[in-house]
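Values below: all heavy atoms of this structure, side chains included; hydrogens, waters and symmetry mates excluded. Keep in mind it's a predicted model, so treat the numbers as computed, not measured. We're numbering straight along the sequence, starting at 1.
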Amino acid sequence: MRKRTEKTELKKRYAGQRYGKILLLAAVLLLAVLLQPGEAQAAQEDNVWAVYAFTLDSDGYPESAFAAAGYVVDFGDSSPYQVYTNSVFFEDDGSSDNFDASADLYYFLMDLETGDLYNLEVSGYNSHCGMMILDFADDVPTTGILTAGAAKKGQEVEIIGLTYDDVTSVSGTINSYKQNKSGDDSWYVLDYSGSTDDFYFYPMALVDEDSNIVGMITSKGAYAMYSELPSSFPENLLTDYWWVLLIAAVVIVLVVAVAVGSAKGKKKAAAQTTPVAPQTPVTPQTPEPPTDIPIYPTTPVYPEKPEPQPVRPSPRTVTSLVGIQGIMAGRTYPIGPEGITIGRDPSNVIVYPADTKGISRKHCRLYFESDGGLKLVDCGSSYGTVLVGLGKMTPLQPVSVKPGDRFYIGSEKNGFELR
């Protein structure tokens with residue numbers, strides 16, 4: 001009778017251990033489902049577009065153009081996609097340094113990866129935030145679309161936008177936001193941290209970890225995409241996802257309880273079924289002294305110092321830009337590691353007078369690649385840049401140049417040569 005009772009007890013314990021393993025596996029699977037990470041964030045650089053505005057001459061050909069960064073935004077609720085860009089194609093008084101204020105403007109969106117173009121129509125302006133909103137006139141893209149989201153305090157974001165000749169992104173944080181009102185209009189001003197020194201074209205987009213555009217940095221500041229932050233977006237994980245945390249805590253408690261119970265059952269079963277063998281006393285042994293101790297030299301040995309290798313001079317130190325036509329003729333400008341910018345804006349290295357016809361504020365730029373190669377890029381100027389041997393350059397498309405090459409800006413009256 002006693003043996004039968006012990007056998008029954010052992011079956012119950014082993015069954016409990018088996019059920020405990022099943023519960024443990026189920027708990028681990030449930031945790032994996034609850035805590036499963038989302039899809040890896042796609043490269044946000046694919047969501048940056050270029051917006052061009054231009055006028056037509058009497059023959060119907062584009063005459064002058066101006067570029068800015070743009071973003072295709074989906075606000076949901078069956079709303080059509082809209083393009084958001086910087087509104088300062090014009091000055092505050094309605095005038096423009098790039099266009100005749102009375103001329104008709106045409107807008108299109110360009111895919112920087114494929115060069116595909118989409119016709120746009122102006123939908124409206126947000127003068128408080130410096131934003132221009134445009135609708136698609138016909139075809140609508142299927143990729144590169146950002147869903148609008150709400151900005152939150154302490155939110156980690158990715159700042160994306162255009163440099164001189166590329167698309168880039170940097171990490172940032174939304175520190176706080178403040179609501180401003182003017183009549184019936186209201187908008188949120190964002191205080192953010194993150195460097196925007198590498199960006200050249202406004203606006204830049206603030207994108208959260210779920211690939212939602214939560215704000216934009218225009219020439220007037222940083223602003224949230226929503227005029228009122230939707231309540232459906234969680235402000236605090238503890239208050240909005242309490243049920244997920246509660247389920248996770250219950251599962252963790254169950255896992256710990258099952259693991260502890262299983263360990264106790266194994267230990268008790270082993271104590272009742274395994275006989276204890278008598279222990280044999282062990283006679284302590286005296287260890288022998290080591291005989292293979294290495295003898296180290298008293299004077300340290302240092303490796304010989306390698307001979308210094310000669311440093312090859314960088315090709316950047318032997319390149320300069322010389323004016324050959326116009327008011328800059330005869331002047332020589334060394335091209336340093338930071339490159340050279342040309343235009344009417346005082347921030348350029350080569351500055352033309354403000355009334356110089358054909359020269360834009362930021363007309364063109366020379367810069368070095370990481371391998372030392374020299375590039376020339378037109379910065380979206382009104383009258384263009386002509387490289388001898390190539391012709392009129394495409395805006396924002398860098399071209400490799402070398403000593404001896406010549407180019408003209410605005411007209412043949414303003415020429416330069418690389419030496």
Side-chain angles (χ1 to χ4, degrees), residues 50 64-69 97-98 161-168 170 195-202 204 219 308-419:
S64 58
F66 186 74
D97 186 50
N98 299 281
L162 291 176
T163 63
Y164 272 107
D165 55 352
D166 201 1
V167 179
T168 190
V170 296
S195 174
T196 58
D197 295 340
D198 293 334
F199 299 95
Y200 184 73
F201 293 94
Y202 285 110
M204 289 76 83
S219 56
Q309 298 295 323
V311 179
R312 299 179 62 185
S314 170
R316 301 178 180 180
T317 59
V318 297
T319 305
S320 60
L321 185 64
V322 178
I324 58 174
Q325 294 287 346
I327 61 174
M328 301 302 173
R331 300 185 185 182
T332 300
Y333 301 91
I335 304 178
E338 70 281 357
I340 284 182
T341 56
I342 306 175
R344 292 186 288 106
D345 193 283
S347 63
N348 293 296
V349 176
I350 302 178
V351 182
Y352 275 81
D355 58 350
T356 305
K357 186 177 180 180
I359 307 298
S360 296
R361 293 180 180 178
K362 295 284 187 180
H363 199 102
C364 64
R365 177 187 176 222
L366 284 162
Y367 66 96
F368 288 102
E369 293 282 8
S370 58
D371 60 357
L374 188 61
K375 296 279 189 177
L376 173 64
V377 60
D378 181 273
C379 301
S381 63
S382 299
Y383 288 85
T385 302
V386 176
L387 180 61
V388 177
L390 176 66
K392 189 172 182 179
M393 298 177 62
T394 303
L396 308 179
Q397 296 294 324
V399 175
S400 297
V401 292
K402 62 186 182 301
D405 285 346
R406 294 187 175 187
F407 63 91
Y408 299 89
I409 59 175
S411 68
E412 294 184 355
K413 296 179 181 179
N414 307 298
F416 294 90
E417 180 178 339
L418 291 165
R419 296 180 182 176

Check the pair His363, Thr385 against side chain to side chain contact (heavy atoms under 4.5 Å, CB included), reporting the backbone distance first and the verdict last. CA-CA 8 Å; His363 199 102; Thr385 302; 3.4 Å; yes

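- Side-chain contact check for Asn348 versus Ile342: every heavy-atom pair is 4.5 Å or farther apart.
- Taken from OH in Tyr383 to NZ in Lys392, the straight-line distance is 10.0 Å, to the nearest 0.5 Å.
- Under the rule for a side chain to side chain contact (heavy atoms under 4.5 Å, CB included), the partners of Tyr408 that lie at least two apart in sequence or sit in another chain are Ile324, Gln325, Val388, Glu412.
- Counting only distance, with no hydrogens or angles, the side chain of Thr196 and the backbone of Phe199 share no donor-acceptor pair below 3.5 Å.
- When side chains are defined from C-beta on, Thr341 does not count as touching Cys379, because their heavy atoms never get closer than 4.5 Å.
- Looking at heavy atoms from C-beta onward, Leu418 lies out of side-chain contact with Leu376 at the 4.5 angstrom threshold.
- Side-chain N or O atoms of Asn414 include one that pairs as donor or acceptor with a backbone N or O of Ile409 at under 3.5 Å.
- Note: Glu417 CD to Asp405 CG = 8.5 Å, rounded to the nearest 0.5 Å.
- Between Thr168 and Thr163, the shortest heavy-atom contact is CG2-CG2, 3.3 Å.
- Checking side-chain atoms of Arg344 against main-chain N and O of Ile359 turns up a donor-acceptor pair under 3.5 Å.
- Taken from OH in Tyr333 to CD1 in Ile340, the straight-line distance is 8.5 Å, to the nearest 0.5 Å.
- With Ser360 contributing its side chain and Ser382 its backbone, the two residues share a donor-acceptor pair below 3.5 Å.
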Before you tell me yes or no, could you show the steps for Ser347 and Arg361 under side chain to side chain contact (heavy atoms under 4.5 Å, CB included), namely the whole-Å CA-CA distance, both residues' side-chain angles and the distance that decides it to 0.1 Å? CA-CA 9 Å; Ser347 63; Arg361 293 180 180 178; over 6 Å; no

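- Checking Asp378 against Ser381 by side-chain atom types alone, a donor-acceptor pair falls below 3.5 Å.
- Among residues two or more places apart in sequence or in another chain, the side chain to side chain contact (heavy atoms under 4.5 Å, CB included) test is passed with Lys375 by Tyr367, Glu369, Pro398, Ser400.
- One finds the CG atom of Leu162 at 10.0 Å from the CE atom of Met204 (value rounded to the nearest 0.5 Å).
- Ring pair Phe407/Phe416 is parallel by interplanar angle, where below 30° counts as parallel and above 60° as perpendicular.
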